[in-house]
Amino acid sequence: MEHLYITDVAPRDGLQNQPVHLDASTKLQLAQLLAKAGVRSIEATSFVSPKAVPQMADAAELLPLIRAALPDLRTSVLVPNLKGLERAHAAGATEVAVVLSATETMNRKNINMGLDQATEVSEQTLAEAHRLGLRTRAYVAVAFDCPFEGETPLDEVLRLAHRMQRAGAGEIVIADTIGSASPGMVKQRMGALAEAIALDQLAIHLHDTRGMAVANAWAALEVGVRRFDASVGGIGGCPFAPGAAGNVATEDLVLMAERSGFATGISLDGLLDTVDFAQVQLQRPLGGRAITWLRRQREKRNS
Ligand code: COA
Ligand code: ZN
């Protein structure tokens, strides 16, 4: 059976935007539940300015807790610059992700740099991470549409993805940051990217703002993409991209993949336990499109 590789980004993308701020021990419990559900890879936190994202201010405390409790879990952390990399390395990071948006305005809003500077800083950060022996990912954000500049030119996405690849990024993550992509766009863009980037180095990061994330994931699968970011319970969204809803829910993606003959290694019951935990902690109902049906199946099995 063909395998689909999922990185659960709930601890970072999911929590960075929540009105309720979780403490490090609660975030550790979230990571433990994900690992128990069979998730093999997470994005744990970000080493960004605590003024920009207070929800991630405990990164240096959290990462060593996760590394110690879950040494076999692949754990990536987001770093926007060399200072972030330095802090992540000091906290024991083994994998880092840089974030380059494909438009001038989005870079300015997100990391206070123009596109050229953001590209150079991402390249320098990747080079330094490589020197330190860390695994790397590079996000190309707003790769479909930008909330400030409209549709992002595909050529620009290809150019930046190449730059990140040449800079040594182990994985290039194409992000639909505001969840505006359609299956047709995904097929076209991921198809073009797959011609230039090996499929084991190419990932897609979808948001579900318009209810099309699972359809978009299927379009990516059809052009050969096998690496996906997702967030348990569908929590998430970028605080600097207005109107963005949560990520594609991990449980929706797993259900779709397993029903279509792909193996994920992830248990839906385990994901439901994680959603239950997260919604108590975040004090609001969570879950992807299939959550009601999934809960009903679990009740039937348990009765
Ligand atoms: N982690 C923590 N602090 C950082 C930092 C990092 N990675 N990079 C810079 N800083 C600190 C500087 O030391 C300085 O601190 P001081 O005011 O105490 O002297 C302050 O932040 C300003 O530094 P500067 O280099 O001028 O940064 P900036 O104000 O232009 O902000 C970023 C740039 C990248 C740090 C900031 O925009 C940021 O953290 N963005 C996060 C974006 C994000 O997480 N988006 C969601 C995920 S895509
Ligand atoms: Zn995102």
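Order of appearance sets the numbers: ligands from 1, and atoms from 1 within every ligand.
- Nearest protein neighbour of atom 10 (N) of ligand 1, counting heavy atoms only, is Lys83 CD, 4.0 Å.
- For the pair Arg108 and Glu104, the salt-bridge criterion is met [side-chain N within less than 4.0 Å of a carboxylate O].
- Using a 4.0 Å cut-off between charged nitrogen and carboxylate oxygen, Glu299 and Arg296 do not count as a salt-bridge pair.
- Without hydrogens or angle criteria, Asn216 side chain to Met212 main chain gives a donor-acceptor distance under 3.5 Å.
- Annotation: cation-pi pair Arg12/Tyr139 present, NZ/CZ under 6.0 Å from the ring centroid and within 45° of its normal.
- Of all the heavy atoms of Val79, none lies under 4.0 Å from any atom of ligand 1, so neither backbone nor side chain is involved.
- Considering backbone and side-chain atoms together, Ser46 places no N or O closer than 3.5 Å to any N or O of ligand 1.
- Lys109 and Glu149 are not joined by a salt bridge, as no carboxylate oxygen comes within less than 4.0 angstrom of a charged side-chain nitrogen.
- Using modelled atom types and a 3.5 Å distance limit, the side chains of Asp8 and Thr250 yield a donor-acceptor pair.
- Closest to atom 32 (C) of ligand 1 among all protein heavy atoms lies Ile111 O, 4.2 Å.
- Taking every non-hydrogen atom of Gly84 and a distance limit under 4.0 Å, the qualifying atoms of ligand 1 come out as 7 (N).
- Of the protein's non-hydrogen atoms, Asn112 ND2, 3.8 Å is the one closest to atom 28 (P) of ligand 1.
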Worked check of salt bridge (charged side-chain N to carboxylate O under 4.0 Å, His left out) between Asp269 and Arg301:
CA-CA 10 Å; Asp269 270 347; Arg301 268 195 305 278; 2.8 Å; yes
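- Side-chain atoms of Asp116 and Thr119 include no donor-acceptor pair closer than 3.5 Å.
- A salt bridge does not link Glu61 with Arg67: every distance from a Lys NZ or Arg NE/NH1/NH2 to an Asp or Glu carboxylate oxygen is 4.0 Å or more.
- Within the structure, ligand 1 has Lys51 among the residues with a heavy atom less than 4.0 angstrom away.
- The nearest protein heavy atom to atom 44 (O) of ligand 1 is closer than 4.0 Å.
- Which parts of ligand 1 touch Phe240 is read off a 4.0 Å heavy-atom cut-off, strictly below it: atoms 42 (C), 43 (C), 45 (N).
- Under a 3.5 Å cut-off, the side chain of Asp252 and the backbone N or O of Arg289 do form a donor-acceptor pair.
- For atom 19 (O) of ligand 1, no protein heavy-atom neighbour is found at a distance under 4.0 Å.
- A salt bridge between Arg298 and Asp276 is present, with a side-chain N of the basic residue lying under 4.0 Å from a carboxylate O of the acidic one.
- Remark: Lys83 is not positioned above the aromatic ring of Phe47, lacking an NZ or CZ atom under 6.0 angstrom from the ring centre and at most 45 degrees off the axis.
- Within the structure, the closest approach of Arg12 to ligand 1 falls below 4.0 Å when heavy atoms are considered.
- Counting protein heavy atoms under 4.0 angstrom from atom 35 (C) of ligand 1 gives one or more.
- Around the Zn ion (ligand 2), the protein N, O or S atoms closer than 2.8 Å are Asp13 OD2, His205 NE2, His207 NE2, listed by chain and residue number.
- A donor atom on one side chain and an acceptor atom on the other are not found under 3.5 Å apart for His205 and Asp176.
- At a heavy-atom distance under 4.0 Å, atoms from both the backbone and the side chain of Asn110 approach ligand 1.
- For atom 2 (C) of ligand 1, the closest non-hydrogen atom on the protein side is Arg87 NH1, 3.1 Å.
- Distance remark: protein heavy atom not present below 4.0 angstrom from atom 24 (P) of ligand 1.
- Residue nearest to atom 46 (C) of ligand 1, selected from Lys109, Glu86, Gln16: Gln16 (by heavy-atom distance).
- Closest protein heavy atom to atom 39 (O) of ligand 1: Ser49 N, 2.8 Å.
- For atom 15 (O) of ligand 1, the nearest protein heavy atom lies 4.0 Å away or farther.
- Taking only nitrogen or oxygen atoms, main chain and side chain alike, Phe47 reaches within less than 3.5 Å of ligand 1.
- Checking Thr264 against Glu258 by side-chain atom types alone, a donor-acceptor pair falls below 3.5 Å.
- The closest protein non-hydrogen atom to atom 8 (N) of ligand 1 is Asn81 ND2, 2.9 Å.
- With a 4.0 Å cut-off on non-hydrogen atoms, Ala52 touches ligand 1 through its side chain and not its backbone.
- By the 6.0 Å and 45° rule, Arg227 stacks over the aromatic ring of Tyr5.
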Before you tell me yes or no, could you show the steps for Lys27 and Asp58 under salt bridge (charged side-chain N to carboxylate O under 4.0 Å, His left out), namely the whole-Å CA-CA distance, both residues' side-chain angles and the distance that decides it to 0.1 Å?
CA-CA 10 Å; Lys27 292 176 181 176; Asp58 61 359; 2.9 Å; yes
